[in-house]
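What you see is a predicted model, and the numbers here were worked out from it, not measured in a lab. Throughout, numbering of the chain's residues begins at 1 and tracks the sequence.
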Amino acid sequence: MLKELYIENLAVIEKASIEFTDKLNVFTGETGAGKSILINGINAILGQRVTKDIVRTGTEKAIISAEFTNLDKNTLDKLDELGISCEEDSLFLSREIRSDGGSVARVNSRSVNVAVLRELGETLVNIHGQHDNQILMSPEKHIHILDSFADAGEYIADYQKSFRELQALARKINKIKIDAGQRTFQINQLSEIIDEIEKLNIKENEDEEIAQELAVSKNAVVISEAIFTTVSMLNGDDDTSGAVDLAKQAEKTLGDYTDIYDKLEPLYSRLVSAGIELSDIAGELSVLMDKLDVDPKRYDFLNQRNDDLRRIKKKYGPDLKDVMETLEKSKAELELLSGSEESLSELNKQQSELLTVVSRKAKILSDYRRKAGERFISRVTEELEFLNMPKVKLAVQQNSGKLTVNGMDNIEFLISANIGEEPKPIAKIASGGELSRIMLALKNVIADKDSIGTLIFDEIDTGVSGKAAQKIGMKLKQIAAIRQVLCVTHLSQIAVMADNHLLIEKNIVGERTSTSVKALDFDERKYEIARIMGGDNVSELMLENAKQLIETYSGMGS
């Protein structure tokens, strides 16, 4: 559940620290007080996209943080998947939105990408706003609602695995079915690529070896001179003793006294070793110098080979391994095209067999949906009756069509608004108020299928009033008995159901507008309920009526 939300410099909200209960939390306030900004803040902490315009004018950044407790297994699994530790049963999310457009997100003080907030948010909170009603207006999305209710994930995954295999096979067949002229052109093109690369007989890392040898060849003269000079310094010449002779002289001079002064012994041994090492170095340098005689033919070969490798890398690279990958891919494509006539018959047979499998799995999924649809209609109808829509009947229209990634079904929800009328598409006959209540009914039915602990309803009461609004409030109260619910409303029928009533209020402080969020006590609730019912001219009768309503619904469903 969402335990606490802190907001700073978010639009007109300068500072607000809001504590929530685990039941029904209701926000009310006058139009324009900032209720939508509060929802924007929650969206921001859940990783949704926000713009720099949301930062309060004149400040550098907006800060939103939230603490969640009683974490669900799905959240803990997601944290484990993301490699984020969570030792205690609480989770801290924070986000900073800078006025220059930058954004910083943290989970338990660890910096993360905003996408991580979004992934975690999907396990923590489910938000229903007015725009969600558009889901009902989009028939192509109805199948996902039914599948969510039906727990059809296992059937869908099994079907989609086979369906994607069928798609891959179809692509393979279509590639083979290229017209003869195009196939010949491709065969010639691939053959040229293969011939061009193979005739170079390229070895692994050959370009690096060639480049190194070429660098030595180009600098052979100066390297030889350096080696010759070094060898002369070590071995000396007819007129001058070298380092090797000097080391031997030093060794002989010192060796006469090691028996007398024993501390000289280790130094004498090192001197002997140094003389041997210097002599070995001089010998090895002489051998290397003899090998540095550059063969003009070899030098020409290295230059030509280096040019050939550079050209082939430029064409099929950038690296030599990329060239070799191009060679292997070209061989595989050539083999496929060359043997296309022989393999096409076998592939068509495989496709026919796989199509039978996919069709069978689609039929199983379709039958499962049909049975689930009957249960779905029954459950939603119960919800609609409770929400003061007893005449509205829901129907699930299930038609078979071509095989798609979702199976063979086209699903659309239909409603009959009045007794005796044939069900028609929701998009054509449902009013705004009906859409809100239908969506609430669907949310409540589907909510049993997930474990998300917090549900947020942003003006679910749009287009309703009177008894219908009261029923919505009672339904929210019922849901709040098992889930935390946050609800933004403008109706007293819903506000009186609150376990925690929060007032969003706009004030003028100095020359700035500032919005505050305040938890109301009993007397403050009475006044706010009375204001919602009758406007700013609150009478004693209104206050008494508000008191009775609050007391009537206090504790209901909890």
Pi-cation contact, F386 with K475 (under 6.0 Å, within 45°): yes
Lys/Arg-Asp/Glu bridge criterion (N-O < 4.0 Å) met for K391, E385: no
K361 to Y155, cation-pi by 6.0 Å centre distance and 45° axis angle: no
Pairing of D307 and R310 as salt bridge, 4.0 angstrom limit: yes
NZ/NE/NH1/NH2 to OD/OE distance under 4.0 Å, R369 and D147: yes
Distance-only polar pair, side chains of Q304 and D308, donor-acceptor under 3.5 Å: yes
Trace of the side chain to side chain donor-acceptor pair (under 3.5 Å) decision for R95 with S103: CA-CA 7 Å; R95 189 173 181 186; S103 177; 3.1 Å; yes
Validation row: E412, I143 side chains within 4.5 angstrom (heavy atoms): no
Worked verdict on Y6 versus F92 for ring-ring contact (aromatic ring centres under 6.0 Å, His included): CA-CA 11 Å; Y6 174 78; F92 293 89; over 10 Å; no
Distance in Å, L355 CG paired with S359 OG, rounded so as to fall on 0.5 Å steps: 4.0 Å
Lys/Arg-Asp/Glu bridge criterion (N-O < 4.0 Å) met for R311, E196: yes
salt_bridge(K78, E122) N-O dist < 4.0 Å: no
Flag for T123-T75: side-chain donor and acceptor within less than 3.5 Å: yes
Nearest-0.5 Å distance, CG of residue N303 to CG of residue L214: 4.5 Å
Over all atoms of both residues, closest heavy-atom pair of S65 and I45: CA-CD1, 3.9 Å
NZ/NE/NH1/NH2 to OD/OE distance under 4.0 Å, R106 and E96: yes
Residue pair I411 / V396: nearest heavy atoms and the distance that separates them: CG2-CG1, 4.0 Å
E208 side, atom CD; L320 side, atom CG - distance, nearest 0.5 Å: 8.5 Å
Sidechain-backbone polar pair: S366 side chain, A362 backbone, donor-acceptor under 3.5 Å: no
Check: I202 and M324 side chains under 4.5 Å, non-hydrogen atoms: yes
N25 and T21: side chain donor to acceptor below 3.5 Å: yes
Contact check, side chains of L455 and Q484, non-hydrogen atoms, under 4.5 Å: no
Salt bridge E335-K331, side-chain N to carboxylate O under 4.0 Å: no
N70 CG to D22 CG distance, which is reported to the nearest 0.5 Å: 7.5 Å
Nearest-0.5 Å distance that lies between atom CD1 in I42 and atom CG in L124: 12.0 Å
Under 3.5 Å side-chain donor-acceptor pair for Q398 and D409: yes
Test item: side-chain donor near acceptor, S416 and E421, under 3.5 Å: no
Aromatic ring pairing F20/F27, orientation class (parallel under 30°, perpendicular over 60°, tilted between): perpendicular
Salt bridge flag under 4.0 Å for residues K371 and D367: no
